[in-house]
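Below is one structure, written out as structure tokens, with a few remarks after it.
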2 protein chains.
Amino acid sequence: MGNRDSSPCIAAFIERAGCLCERDGLPRIAGRILGLLLVSAEPLSLDGIAERLGVSRASVSTDARRLVEQGVLERVGLPGDRKDYYRMASDSPERSLEQKLVGLRQFLALLDEAQRLPGQDPAVSERLAEASALYRDVMLATTDALERWRARPPAVAATQSA
Amino acid sequence: MGNRDSSPCIAAFIERAGCLCERDGLPRIAGRILGLLLVSAEPLSLDGIAERLGVSRASVSTDARRLVEQGVLERVGLPGDRKDYYRMASDSPERSLEQKLVGLRQFLALLDEAQRLPGQDPAVSERLAEASALYRDVMLATTDALERWRARPPAVAATQSA
DNA sequence: CACTATATTCAGTCAAGACTGAACACACTG
DNA sequence: CAGTGTGTTCAGTCTTGACTGAATATAGTG
């Protein structure tokens, strides 16, 4: 079942990716798809992914679409082929980071809501303000890092031009 | 049941906290405990929390212990009282941020593992290196923000001295 | 227009784990 | 040592959502 060819290292890597993504609220299969496509040079078809991972085509269809919606995967066509192919989006690291940022943003919003709550003890207010400051700073720093990354010098060559 | 007194705003806030923490892999009740203690000036007993939230004491016992282990809650005693009381740890924002950092660290480790995989296409290697660089930078920036926060000027006064 | 290849959707199964009440353990008190 | 207040653990229920095979849609091909 699945993982027919290729080294067991890669299989292990894909599994790790699956488990890790599970912690972020993604289905395990979605994580495996990401792991697989992360290390594959060519786009893979839906059937190819399903067979390679040893899971149902239904799951791959659902999860791949979800990942496309999140912007971390791209659906591409191959000339003379009716199948859908998938590959990592060119800005996928950015996108998955943004996914994590929304979590931070919501947490920050929660802290702000807490600060606006009526009848707060001064000590509580201060605790909230401090936490809020920390998370605001982290968000800022992360956004900056993202900006720096976007402005990074373009890659020298690599096969894939676009 | 539960939320007997206090404004409905607070009840809503606690619920939001519960749902938000669920996304981070915590039981909803753990999130509610955090929300409740975040806005309460005094430590609360296990029974007090359970009654206030309208949940079983068993859940509060389990989840509070978990939060204490994570370092975001502190178990304190009150003189002349045999009960356990809980309050937010003084460094709780730091701790929950660190929790998030371990996720980043694991993700980074996964990327590194991918880079060490045998027989990599150059384009893939470059993609991995770029992603790795982004996440490394984010981790660094976050750690810096955390340092800044630790070095922040101490609070003016507030009721709770320690 | 049949026919085929492909992708999506749906009903159903299954597993994980949150939550609970009740039993239990523990440690004070008199 | 019984009795009581307190925290923990456990067996069982229930919800959620991942995953699947099969049915269904969609679009290309002759």
Side-chain angles (χ1 to χ4, degrees), chain A residues 1-3 14-37 43-70 73-87, chain B residues 1-3 14-37 43-70 73-87:
Chain A
M1 63 293 306
N3 297 327
I14 291 176
E15 272 326 297
R16 289 228 309 150
C19 291
L20 197 50
C21 287
E22 231 171 7
R23 293 195 14 159
D24 288 285
L26 283 178
R28 181 178 299 204
I29 290 184
R32 289 200 272 227
I33 295 174
L34 284 181
L36 174 57
L37 289 178
L44 294 179
S45 73
L46 196 153
D47 281 11
I49 296 172
E51 191 199 5
R52 186 69 173 63
L53 297 180
V55 301
S56 76
R57 282 169 12 225
S59 296
V60 176
S61 173
T62 305
D63 289 345
R65 181 152 32 94
R66 178 174 187 166
L67 293 170
V68 168
E69 277 162 11
Q70 291 192 0
L73 245 49
E74 261 175 11
R75 203 169 53 124
V76 299
L78 254 49
D81 193 335
R82 287 165 53 189
K83 295 200 196 79
D84 285 356
Y85 285 79
Y86 294 91
R87 69 167 175 214
Chain B
M1 65 273 332
N3 297 327
I14 291 176
E15 272 324 298
R16 290 230 308 151
C19 290
L20 197 50
C21 288
E22 231 171 4
R23 292 196 15 158
D24 287 286
L26 284 180
R28 181 178 299 205
I29 290 184
R32 289 199 272 227
I33 295 174
L34 283 182
L36 174 58
L37 289 178
L44 295 179
S45 73
L46 197 153
D47 282 10
I49 296 172
E51 193 199 3
R52 186 70 173 63
L53 297 179
V55 302
S56 76
R57 283 176 6 229
S59 296
V60 176
S61 173
T62 305
D63 289 345
R65 181 152 30 97
R66 178 176 185 164
L67 292 170
V68 169
E69 277 163 13
Q70 291 193 359
L73 244 51
E74 261 174 11
R75 203 168 53 123
V76 300
L78 254 51
D81 193 334
R82 285 167 52 192
K83 293 202 197 82
D84 286 355
Y85 285 79
Y86 294 92
R87 69 168 174 214

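As the structure is a computational prediction, the values presented were derived from the model and not from experiment. Chain identifiers are assigned alphabetically (A, B, ...) following the order of the sequence lines, protein sequences preceding nucleic acid strands; residue numbering begins at 1 within each chain.
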Using atom [atom1] of [X] as one end and atom [atom2] of [N] as the other, report the distance to the nearest whole Å.
X: A:L26; N: D:dG17; atom1: CG; atom2: P; result: 14 Å
X: A:Y85; N: C:dA7; atom1: OH; atom2: C1'; result: 14 Å
X: A:R57; N: C:dA7; atom1: CZ; atom2: P; result: 8 Å
X: B:D47; N: C:dT20; atom1: CG; atom2: C1'; result: 15 Å
X: B:R28; N: C:dA18; atom1: CZ; atom2: P; result: 12 Å
X: B:R66; N: D:dT9; atom1: CZ; atom2: C1'; result: 16 Å
X: B:D63; N: D:dG7; atom1: CG; atom2: P; result: 15 Å
X: A:I33; N: D:dA18; atom1: CD1; atom2: C1'; result: 13 Å

When you get a sec, tell me which of [options] is the closest nucleotide to the side chain of [X]?
X: B:S61; options: C:dC19, D:dT8, C:dT9; result: D:dT8
X: A:T62; options: D:dT6, C:dT8, C:dT9; result: C:dT9
X: A:R82; options: C:dA7, D:dA27, D:dT9; result: D:dA27
X: B:S59; options: D:dA18, D:dT6, C:dC19; result: C:dC19
X: A:A58; options: D:dG7, C:dT9, C:dA5; result: C:dT9

From [X] atom [atom1] to [Y] atom [atom2], the distance as rounded to the nearest 0.5 Å:
X: B:D84; Y: B:S45; atom1: CG; atom2: OG; result: 9.0 Å
X: B:R52; Y: B:L37; atom1: CZ; atom2: CG; result: 10.5 Å
X: A:I33; Y: A:L26; atom1: CD1; atom2: CG; result: 10.0 Å

Exercise. With nearest nucleotides of DNA chain C determined for A:R65 and A:D81 from heavy-atom distances, which residue corresponds to the more 5′ nucleotide?
Worked result: A:D81
Problem set entry | Distance test, side-chain N/O of B:S56 to OP1/OP2 of C:dC19, below 4.0 Å | no
Problem set entry | Side-chain donor-acceptor contact under 3.5 Å, B:S59 with B:S56 |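 B:S56 and B:S59 do have a side-chain donor-acceptor pair below 3.5 Å.
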Exercise. Can a salt bridge be assigned to the pair A:K83 and A:D47 using a cut-off of 4.0 Å between side-chain N and carboxylate O?
Worked result: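 Looking at A:D47 together with A:K83, the answer is no, because their closest N to O distance does not fall below 4.0 Å.
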